[in-house]
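What follows is a short report on a single structure.
Protein chains get the first letters and strands the later ones, always in sequence-line order, with residue 1 at the start of each. These figures come from a predicted structure and were not determined experimentally.
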Amino acid sequence: MGIRLYNSLTLQVEDFVPSDSNAVRMYTCGPTVYSFAHIGNLRTFTFNDILRRWLRARDFVLHDVMNITDVEDKIIRNSMAKGIPMGEYTQQYEKAFIEDCATMRFVPPWRLVRATEHIPEMVAMIEKLHEKGFTYESDGSVYYRIGRFPGYGKLSHNDFGGIRAGARVDVDEYDKDDARDFVLWKARKENEPFWEAPFGNGRPGWHIECSAMATKYLGDTLDIHAGGIDLLFPHHENEIAQSEGCSGKPFARFWLHCEHLLVDFSKMSKSLGNIYTLRELIEMGHAPETVRYLLASVPYRKKLNFSFDGLKAAATSIERLRNYALRLNTDKYPDGVSEPLEARAVKALADFDAGMDDDLNTAEALAAIYEYVRDTNSAMDAGDFKAGNVASAKRVLEKFDSVFEVLAPSVTEGALPDAAIDALVAERSLAKKNKDFKRSDEIRAELLAMGVILEDTKDGARWKRKS
RNA sequence: GGCGCCGUAGCCAAGUGGUAAGGCAGCGGUCUGCAAAACCGUUAUUCACCAGUUCGAUCCUGGUCGGCGCCUCCA
């Protein structure tokens, strides 16, 4: 049994096997750094993260590359409007993006690469495409002639047969009933950043960077190329045209696309004013791991309608798992081992794996965890859970958290040291023992005010910090 | 118009040709000095609607209605 993934190219779920032993060559489309990442972006990147983690969990060696698009129309326009150099402008947002990724607990990719540091590779690719007759020039810009590439449309499953090939269309006067040729190299404009190239000074078009960088670091054929579904056309279609036009080989074996996150049942947009950034949500008091859980818990091919109710539900769900982990670590259990519970843990792990293997069905994987947590909680209540079962129970939680990673609270409130809490808890326990409930309730309230929640168990009191 | 996705309880959501996982919320209990946590029970005779195939369909086919996305920059 192995991983099965839905391939946009074939519109089917397929067994995933890398072309070269157990090494996976993967490329994911990263951000254009012209503003802060919003939760829609983050959904796709969360999907990337879950995919990476699961591939690793299944013992694949990952060679994954993510790009940073740091030259693009909006970037140029905004940096010019601010009167600062493009690099300075993009740097601040790239930094913010990397911070956000850390906040979201994303595993860093093998390589994070910038478009502006790969201009020579892009130029070389365009030259090669030129030699092979895929390009034509117009007003100093270089265009890709899709009519020369027979496979054009195979990813988006569009039939472009009726389109007049090679018709020269200015991007600004784009006529959708006509050619879909796209720009590889934009002619230099006054005051704008540019690079030198044999075919004229200018800057790269959007699509060429991914083809050039993916090929450079991963070779002609990738095992996986992933990104948001809105990139499927034209971006990924164009990447195929460029890369395969150049190499003559299949560009990517698996194309994975993450569905959109919606807000109020429609795509986020500035005009609707329904864009939320991670930073805004954190400022509102939402823990980042709550956002992570919400984004990860809905399977990636399903549209996810963001809501604050959903965010609250995510927080409660995490809380329950944390309570369970706390109980597991602090309660005392009778000696011995329950074999049925050991078997139960094995089943939980198998069910979790099966869910994840099935095209990263996180909802199913989560269900396996919750069912197990409920069963073991019941066993603990009944006294059937033994000290010898703790290790396997921890393994289940660790497996879960190695993918979801939400158990550790983000905010470490420095305020009250553990020792001080322990002292107060001890004082309260004594008061409670003496039936001085007034004093014991007082201390409990006091601790709560300082962000510490106290819980009584049959073996005494335990505490946790409020998240 | 073309391409693609979707419509399962209050909300989120899994799922299979044979009779509906899981999470959140709600209600009723157990436990508790009170809480908290946890557990138990309960909440869809039903899976947008219609027709067909079938012994049998939420899952297959056709159609209808509804929602969303891409086709222009976009995660």
Does the protein touch nucleotides 37-42 of chain B at the base, only the backbone, or not at all? Give it as B, S and - per nucleotide, heavy atoms under 4.0 Å.
SSSS--
Considering only nitrogen or oxygen atoms on both sides, find all protein atoms under 3.5 Å from nucleotides 25-31 of chain B and state each distance.
none

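In this model, a donor atom of one side chain and an acceptor atom of the other lie less than 3.5 Å apart for A/Ser156 and A/Glu237. Between the side chains of A/Tyr217 and A/His118, a donor-acceptor pair is found at a separation under 3.5 Å. A/Tyr372 and A/Asp351 share no donor-acceptor pair across their side chains, judged by distance under 3.5 Å alone. Residues A/Asn238 and A/Tyr152 have side chains that bring a donor and an acceptor to within less than 3.5 angstrom of each other. Under 3.5 Å, the side chains of A/Tyr300 and A/Asp359 contain a donor-acceptor pair of N or O atoms. A donor-acceptor pair shorter than 3.5 Å can be found between the side chains of A/Arg105 and A/Ser410. With no hydrogens or angles considered, a side-chain donor-acceptor pair links A/Asn67 and A/Thr69 at under 3.5 Å. Side-chain contact, A/Ser338 with A/Asp384: no donor N or O sits under 3.5 Å from an acceptor N or O. A/Arg327 and A/Asn377 share a donor-acceptor pair across their side chains, judged by distance under 3.5 Å alone.
Expressed to the nearest 0.5 Å, how far CG of A/Leu430 lies from NZ of A/Lys432 amounts to 12.0 Å.
Within the 4.0 angstrom heavy-atom criterion, base atoms lie near A/Gly40. Looking at heavy-atom distances under 4.0 Å, A/Lys312 makes no contact with the nucleic acid at all. Note on A/Arg439: nothing from the nucleic acid sits closer than 4.0 angstrom, heavy atoms only. A/His157 comes within 4.0 angstrom of the backbone, heavy atoms only, and of no base. Among the atoms of the strands shown, base atoms are found under 4.0 Å from some heavy atom of A/His38. When heavy atoms are screened at a 4.0 angstrom cut-off, A/Thr457 is found touching no nucleic acid atom at all. Within 4.0 Å (heavy atoms only), A/Leu304 reaches no atom of the nucleic acid at all. When heavy atoms are screened at a 4.0 angstrom cut-off, A/Ser440 is found touching base atoms of the nucleic acid. Among the heavy atoms of the strands lying under 4.0 Å from A/Asp441 is at least one base atom, whether or not backbone atoms are also near. Backbone-only engagement by A/Tyr370 is indicated by non-hydrogen atom pairs under 4.0 Å involving sugar-phosphate atoms exclusively. Using a 4.0 Å heavy-atom criterion, one finds that A/Leu262 contacts the sugar-phosphate atoms exclusively. Within 4.0 Å of A/Lys458, counting heavy atoms only, lies no atom of the nucleic acid at all.
Rounded to the nearest Å, the gap between the P atom of B/G67 and that of B/G52 is 28 Å. For B/U42 and B/A20, the P atoms lie 14 Å apart once the distance is rounded to whole Å. Annotation: B/G69 and B/C27 have their C1' atoms spaced 39 Å apart (nearest Å). Annotation: B/C12 and B/C49 have their C1' atoms spaced 24 Å apart (nearest Å). B/U58 and B/U45 have their P atoms separated by 13 Å, given to the nearest Å. When the C1' atom is compared between B/G62 and B/U54, the two are found 16 Å apart, to the nearest whole Å. Between B/C50 and B/U46, the two P atoms lie 12 Å apart (nearest whole Å). Distance noted for atom P between B/G22 and B/A44: 14 Å (whole Å).
Between the C1' atom of B/C12 and the CZ atom of A/Phe308 lies a distance of 16 Å, rounded to the nearest Å. With rounding to whole Å, A/Glu259 atom CD is found 15 Å from B/A75 atom P. One atom, CG of A/Asp230, and another, C1' of B/C5, lie 14 Å apart when rounded to the nearest Å. Following rounding to the nearest Å, A/Lys303 (NZ) and B/A13 (P) show an atom-to-atom distance of 11 Å. Computed from coordinates, the A/Ile318 CD1 to B/G22 P distance equals 20 Å when rounded to whole Å.
At the phosphate of B/C70, OP1 or OP2 sits under 4.0 Å from a side-chain N or O atom of A/Lys267. A/Lys302 has a side-chain polar atom (N or O) that falls below the 4.0 Å cut-off from OP1 or OP2 of B/A14. At the phosphate of B/C71, neither OP1 nor OP2 sits under 4.0 Å from any side-chain N or O atom of A/Ser156.
In plain terms, the two heavy atoms of A/Ser8 and A/His257 that are nearest each other are OG-ND1, 2.7 Å.
For A/His260, the side-chain atoms get nearest to B/A75 when compared with the rest of B/C24, B/C71, B/A75.
Sparse packing is recorded around NZ of A/Lys312, with 12 or fewer heavy atoms of other residues, nucleotides or ligands lying under 6.0 Å away. Within 6.0 Å of atom CD in A/Glu319, more than 12 heavy atoms from other residues, nucleotides or ligands are found, so the atom counts as buried in its surroundings.
Each of A/Lys435 and A/Leu261 was matched to the nucleotide of RNA chain B holding its nearest heavy atom; the match closer to the 5' end belongs to A/Lys435. Residue-to-nucleotide proximity on RNA chain B shows that, of A/Val298 and A/Arg428, the 5′-proximal contact is made by A/Val298.
Across the strands present, B/G7 finds its partner in B/C65; the criterion is a Watson-Crick or G-U wobble pair with both atom distances under 3.5 angstrom.
Taken residue by residue, residues 359-369 of chain A places heavy atoms nearer than 4.0 Å to RNA chain B at A/Asn361, A/Ala363, A/Glu364, A/Ala367.
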Verdict with reasoning, A/Asp401 to A/Lys394, per salt bridge (charged side-chain N to carboxylate O under 4.0 Å, His left out):
CA-CA 10 Å; A/Asp401 214 38; A/Lys394 282 186 178 174; over 6 Å; no
